[in-house]
Amino acid sequence: MFNRILVANRGEIALRVIRACRELGVEVVAVYSRADRDAAYLNLANDAVCIGAEAPAHSYLNAAAILSAAEITNVEAIHPGYGFLSENPTFAQMCRDCRIEFIGPSSDAMRKLGNKVEAKLLAKAARVPLVPGSDGVVADEDEAVAVAERIGYPVMIKASAGGGGRGMRTAHNEVSLRTNFRNARVEAENAFKDGSLYIEKLVERPRHVEVQLLGDRKGNLIHLFERDCSLQRRHQKLVEESPSPHIDRKTRDRLCTAAVRLAKAAGYYSAGTCEFIVDHENNFYFMEINARIQVEHPVTELVTGVDLVKWQIRIAAGESLSLKQTDVAHSGAAIECRINAESPDDGFRPCPGPVHDFIMPGGPGVRVDTHAHAGCTVSPYYDSMVAKLLVHRPTRADALVAMRRALGEFVIGPIRTTIPLHQTIFEHADFVRGDVDTGFIEREIMPGSRGASSGG
Amino acid sequence: MFNRILVANRGEIALRVIRACRELGVEVVAVYSRADRDAAYLNLANDAVCIGAEAPAHSYLNAAAILSAAEITNVEAIHPGYGFLSENPTFAQMCRDCRIEFIGPSSDAMRKLGNKVEAKLLAKAARVPLVPGSDGVVADEDEAVAVAERIGYPVMIKASAGGGGRGMRTAHNEVSLRTNFRNARVEAENAFKDGSLYIEKLVERPRHVEVQLLGDRKGNLIHLFERDCSLQRRHQKLVEESPSPHIDRKTRDRLCTAAVRLAKAAGYYSAGTCEFIVDHENNFYFMEINARIQVEHPVTELVTGVDLVKWQIRIAAGESLSLKQTDVAHSGAAIECRINAESPDDGFRPCPGPVHDFIMPGGPGVRVDTHAHAGCTVSPYYDSMVAKLLVHRPTRADALVAMRRALGEFVIGPIRTTIPLHQTIFEHADFVRGDVDTGFIEREIMPGSRGASSGG
Amino acid sequence: MPDTRLHSMEIDTDKIKTLLELMVQHDVSRIEIAEGESRILLRRGHTPSVIAPAITPQPFALAPNPGPAAAPAAPTASSPVAEETFIRSPMVGTFYTAPDPESPAFVQSGEIVTPDRVVCLIEAMKVFNEIKAEVSGRITRVLVKNAQAVEYDQPLFAIVAT
Amino acid sequence: MPDTRLHSMEIDTDKIKTLLELMVQHDVSRIEIAEGESRILLRRGHTPSVIAPAITPQPFALAPNPGPAAAPAAPTASSPVAEETFIRSPMVGTFYTAPDPESPAFVQSGEIVTPDRVVCLIEAMKVFNEIKAEVSGRITRVLVKNAQAVEYDQPLFAIVAT
């Protein structure tokens, strides 16, 4: 096992890694930007090094500063957390070139899975379903129509050079496909100076279901069941839970084994997540593999009792995964709410600032992961998550009740948070029934807010 | 189920009952003394009534004020918590006479178990071992010697009229027995105007092990395994855990079934605890039944997954205990630390006052039950407990590690607390090995403090 | 310390919390709201007459805890607005203005009372307790309605010393 | 009206918007941020010479946090004790007083330096970076020992303008 590691991150995930290190008896070095110099969790590290100015580019994304901090503090490994440098294969390789272990998968696996085209080829080779489509650029309208007829309407027209929703059009029949294809091509040429388009089947009201994976460097790799993260706003997850209320046992088994197959094909080790979209007929399609620990990992920790962060560290130190697939049982239902310092009534405007009031929920079945406390300040420089509130109860119905209770107890002020939004979600009949999709928040909870916030 | 109940208590147990009510969908009325008017947990109740001045006798022990509050708020039942009126059979009967259910056992069972002599007769009849002794007053020295020879040295000489350790002497042989008997008689005559004495076997280095019981009004009664509460200072529990690290599986089974036998004989229902002392040969002796929920009940909730407070309320509302003995499994190891606002370095002097800094531990396996938060004030009028910090992990070794980690995170200031004492305990080799008794704190952790604190 | 005085029994603590937050946010030292029968006066920080070069409001005073939902914040007896003090309830129970429904009230607003004057009954545990004024003065307001529940220390009458 | 002056081309308008909102929210009259090459100064409301009856100090200063165990509290440049300012480390690395173990130190306490004077080396990622004084003045104290690790923004030398 390592004697000393460095956490190249901030906020709750830095604290999460510090907690794991303290329990493992591994010394831990924290790094911080000038904005985070008063962060309370730094007191829990064995050492803390200021690595740069407030802006992420100068500190938490500053690979040279982090490696310098690692050198002057003599650590043997770096835990990247999530975000920042966590999925950067170049940084992983830089660490390893400095003989400092990067706590994550191999740089090669990161590189392969970070490339959408390569990842899809891997999935195809591993017989993991992909969203049906043109399998590359379509030459013209007629080819587009032929593809659409093969895969069935509705379809999406996507610009090869596009991304993040830009340059996308839907078509529900041949007429609209032909019109939209022409328009999309002009738009793509103007926007990206590249008019190439491809066609994909439109998955309507998709659910987001992901599978937690854990593997060692000797090829042992298991899944720790799924998390359902369908409750999103603009691709930002708001609520995550396990088990998924959407899929049946057979789909779950197929999903989990598909994820394991794909990860093994990629030579994956450490913790990782395989993301799928699932339609209403329980058809699932591979989206991507996130080659890092995820924000919502505690959901899986609660239902399986497995400490994922400790395992990441052990595996990076060369230990074998002593857990076999049959050792991992799923127990009860766990739900996580991401509490953000945002004003849902005001286009989700971030609300950083000093926190005077902070009363954390407690009692049976509640877990809170947060770096915040009364007297802290939510910094405007970084993401707005102030706490992850989780409950774990024998059934989903019990978990809903416990989450409502816990949300009612949580006091954070005077900054605005998403707690009232979560309270609305947990009273909504569709969510209570477990019947939501990734468009639910915009469609059901915030109608009208789309326009209001589109300028932000 | 009730529509509305009243919590006749304060602090963390009032909050615990409020949490149970919110999860059950039962409205809840809080009562408070003038000292507690700003308590944050009152905001979580549906209604809150000021019942009197600061001193407990004027508020939380004021049965008439509490019943008046119950009447004006139209509640159907009263939860007494622990302490205050919780074990007062007269109050229980007053409630029931007013057609307000008292959430606890029958007044008759409370009365029987509250009387030491009657409780011991019940235990004897139920074949539950008692500490061997004279079975009543001994007439003179010679009879005392005869009893001691029958039960074996060392023995305790106790004054019939004494209590709380007063008028007690130990004797390790006949010579010291005869001398101490004469001295004890003179002392008892002077102190209590009653010189009658009895003899009991001295259990050396006793462990305190108690069994959690839960029964309904139809005679269904089960145990929920044991808690070990050997870590005490002056009969005040500091650390509680389950399973007991002291007893073997066979002793545990015998202890649990003896507790069930005794409670059934007493016609007991609701939650209750049967306390035993256990010697180093795993002999156990009945001490008393606590006819209420106990401070340390969350330890059992963690290892069994059973919500004891919810069950108390359901049973009082007439529901049957749907849990069978075979439904209750013991999983992992749970430990509780009672964090008190006391200064261990200064004779455990209470340290009430305003709390400015309050950072609660969180993350995997941690549960905190507390009414405290940054900005609250620890009142000088009531007991000094500010928080119950619990961990639940697969093994005791893991739980020790998690508790050390959580204690290191807990920031409470500027008031002094027992956190540093707990940190010392959790590093002590004897405690880590699970080898402590009720005298451990005074003997090993605080040598010399006995004199310093005897004036307190 | 914020000075919060509430001149009505039917208050909305949520609204007060919002108002206090607004005051802190905008550094407002005084808000007065009259709404039907209710009147709310909220004041924080130093009184405007004492001007210090740099005023530090206590950060803990900036975290108002509105107290229990159903419990009206008890006005402080040392309020500087008038010499008004309060006759407070010595117990939890039900407040009655008159010995029985047919009789007139024990006291009316405007009446002068002596310490021994019975001003109301409070019924607790089926017992009707006569409550005396305990002070001399003129009753300025009756703060509780007939047959309404009252809690310990709740102001029943406002009284000005004569 | 807010007075906003920007001393750099690489500005982030979203950040400025957020800052302005924060200033309004907390009644802050001035924010100055230096970040690498960028400098941002935002000012709103009255100038300090106009004394308003109630001044709200920035709540950010009211929440003291003892700071990380290992990080020396950085003295503020505007310390009133002397006209001492600091030459700070622009990076994380290892501090060297001299170009090699045989050579004398770049500067000694008491020496007068010009902005272009190299005062030390900081080794980071196997690269030795020459650190210049950037200001003129007399070095009053060398705050870091040779071959000691330094973090970003850590004071290296105390200097008094001459």
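Being a predicted model, the structure only gives us computed values, none of them experimental. In what follows, chains are A, B, ... by sequence order, proteins preceding strands, each numbered from 1.
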Side-chain donor-acceptor pair present, B/Arg314, B/Ser320, cut-off under 3.5 Å: no
Over all atoms of both residues, closest heavy-atom pair of A/Arg4 and A/Val26: N-CG1, 3.9 Å
Shortest non-hydrogen contact from A/Ala271 toward A/Gln212: CB-NE2, 3.8 Å
Among the listed options B/Gly363, B/Gly25, B/Gly332, the residue most often paired with chain A at heavy-atom distances under 4.5 Å: B/Gly363
When B/Arg22, B/Lys388, B/Glu23, B/Met360 are compared by non-hydrogen pairs under 4.5 Å with chain A, the top option: B/Glu23
Distance under 6.0 Å and angle within 45° of ring axis: A/Arg404 vs A/Phe431: no
Chain A contact via B/Arg16 - side chain, backbone, both or neither, heavy atoms under 4.5 Å: side chain
Interchain contact, B/Glu301 with chain A, by part (heavy-atom threshold 4.5 Å): side chain
Choice from A/Leu24, A/Asp369, A/Asp398, A/Leu302 maximising heavy atom contacts with chain B below 4.5 Å: A/Asp369
Largest heavy-atom contact set with chain B, pairs under 4.5 Å, which of A/Ala374, A/Pro364, A/Ala402: A/Pro364
Plane angle bin for B/Phe225 and B/His223 - parallel if under 30°, tilted between 30 and 60°, otherwise perpendicular: perpendicular
